[in-house]
Protein chains: 2
Amino acid sequence: MNSFTEENYLKAIFKLSSPKVDGVSTNAIAEEIQTKASSVTDMIKKLSDKKLVKYKKYQGVHLTKKGKEIAVSIIRNHRLWEVFLVEKLAFKWDEVHDFAEELEHIRSKELTNRLDAFLEFPKHDPHGDPIPDKDGNIYNHKDITLSDLKSAEKGIVVGVKEHSKSYLNYLESVNLVLGAEIKVNDVIDFDHSMSITVNKKKTANISHQVSKNLLIKKTD
Amino acid sequence: MNSFTEENYLKAIFKLSSPKVDGVSTNAIAEEIQTKASSVTDMIKKLSDKKLVKYKKYQGVHLTKKGKEIAVSIIRNHRLWEVFLVEKLAFKWDEVHDFAEELEHIRSKELTNRLDAFLEFPKHDPHGDPIPDKDGNIYNHKDITLSDLKSAEKGIVVGVKEHSKSYLNYLESVNLVLGAEIKVNDVIDFDHSMSITVNKKKTANISHQVSKNLLIKKTD
DNA sequence: TATTATTTTTAGACAAGTCTAAAAATATAT
DNA sequence: ATATATTTTTAGACTTGTCTAAAAATAATA
């Protein structure tokens, strides 16, 4: 069995891995986990002994197949519990992260799969992030943000790229939740801010900072 | 905040406390937690520093008001999650304990109360144990067991006094789950075993060991 | 009551995960 | 290419919770 701490390292490494980077750096992990680089080195050695990561001194780390499986299963758990908390317990999307952070570590295929079924196999969590299926496949939706839309174009909100409480809170205050319909009225050249209409009713002025973190599916 | 370990000690002390005993003994806690007496002494000191227990060397421990509150909230959590697992995720009553043991430590009044509401304020967990309400009140049902019934008397199953997997498994195999109707056909003087009819259909022979651990509500 | 048995506590050690401070390796800049 | 800056690792220490072995206190028994 692996400790919560080990699992959080695996999750962090998974998050920081991408085709672009060859080996996740010690400092990046330290930043992500909010700890010191020396602690990361210690833990990396432990994970390496357990064959969960591949590691050469000073060269950064890669997850092994086994390490990646664990990371993905934790992410699956996390996102399913978030759906549960929002759909069934009526929490708001900015309130669920910390609970899910604890629930995700109860790692049982049986429990996860039953929760999945109970929730009717959701494809995305309340922030629009894709939920890995029970074989660990993740289907990412293409990365169009509100800031990519031009005047008169329309779309619906499918997710967020930024998960801070203050951002989610703000979005909710202007009705920009999952599924909201957006029409772009006007884009200001100077600062890329835009005027939009939400659900054919409310009009709002949106900064570039906000629009570039809002994932959108273009409609017609 | 308190660690899982601290919380498990509080739970154990609560479980072992009763009007009968004045101070829970170190050995009893060690037995309950499955650890060594010396470890218990160490932890008791820590809990005492935190004002969660009252402790005098060699005299056993008592929970303080604050310690008892925490213990009860954990038990509330545990039992609510058990209801969730059985009612919503269709687990059987012998499968849920270990999961609940982990879920119980996510201690948030908000989360617990919403879960309670979602489950429609259940009074008992799947084993018939009472669920403390949100103010910490526990309403115990009176302690009549199947072994208290005489020939021709009837009752319905309201709980179990023994929680082992093998016992719960056995009960399920003879349909003795929560709510099952029992009629006593015959009691053997020699070993106190009895012949019963379950739900007016199945007849079973039940040992004293089994009948004395099955909580019953008498029905005329 | 004196002696033995049991329970509880102490003392010292260990593993996990963390930290600081310093050393080693790598990357950057002159 | 050499000096400087940054990143990473090591060494040693600290905390939490555990353990064993021995000492101290309490309980049981003759």
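At least one donor-acceptor pair under 3.5 Å links the side chain of Asn113(A) to the backbone N or O of Lys109(A).
Distances were taken from every side-chain heavy atom of Tyr58(B) (C-beta onward) to each of dT8(D), dT18(C), dA24(D); the shortest belongs to dA24(D). Between dT9(D), dT18(D), dT18(C), one nucleotide has an atom nearer to the side chain of Ser38(A) than all others, and that is dT9(D). Comparing dT9(C), dT18(D), dT8(D) by their closest approach to the side chain of Lys57(B) singles out dT9(C). Residue Thr41(A) has its side chain nearest to dT9(D) when only dT9(D), dT9(C), dT18(C) are considered.
Spacing between atom CG of Asn8(A) and atom C1' of dA16(C) amounts to 15 Å, rounded to whole angstrom units. Per the geometry, NZ belonging to Lys50(A) stands 11 Å off C1' belonging to dA16(C), to the nearest Å. Distance Lys36(B) NZ to dA13(C) C1': 15 Å, rounded to the nearest Å. If you measure from atom CD of Gln34(B) to atom P of dT18(D), you get 13 Å, rounded to the nearest angstrom. In this entry the distance linking CD1 of Ile44(A) with P of dT7(D) reads 17 Å, nearest Å. One interatomic measurement links the two molecules: CD1 of Ile29(B) to P of dT9(C), which rounds to 9 Å at whole-angstrom precision. Computed from coordinates, the Asn27(B) CG to dA27(D) P distance equals 13 Å when rounded to whole Å. Atom CG of Leu47(A) is separated from atom P of dT18(C) by 11 Å (rounded to the nearest Å).
Note on Phe4(B): nothing from the nucleic acid sits closer than 4.0 angstrom, heavy atoms only. Contact annotation for Thr5(B): backbone-only contact, meaning every heavy-atom pair under 4.0 Å involves sugar-phosphate atoms and none involves a base. Counting any heavy atom pair closer than 4.0 Å across all strands shown, Thr26(A) reaches sugar-phosphate atoms only and no base atom.
Remark: Phe14(B) pairs with no residue by the ring pair (Phe, Tyr, Trp, His ring centres under 6.0 Å) rule, at least two apart or across chains. Partners of His127(A) under the ring pair (Phe, Tyr, Trp, His ring centres under 6.0 Å) rule, at least two apart in sequence or in another chain, are His163(A).
Taking 4.0 angstrom as the limit, Tyr55(B) places none of its side-chain polar atoms (N or O) nearer than this to OP1 or OP2 of dT8(C). The side chain of Thr35(B) places an N or O atom within less than 4.0 Å of a non-bridging phosphate oxygen (OP1 or OP2) of dC19(D).
Taking both residues in full, the closest heavy atoms of Met194(B) and Ser147(B) are given as CE-CA, 4.2 Å, listed atom of the first, atom of the second, then distance.
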Can you check side chain to side chain contact (heavy atoms under 4.5 Å, CB included) on Phe118(A) and Phe84(B), steps first, answer last? CA-CA 11 Å; Phe118(A) 176 62; Phe84(B) 170 75; 4.0 Å; yes
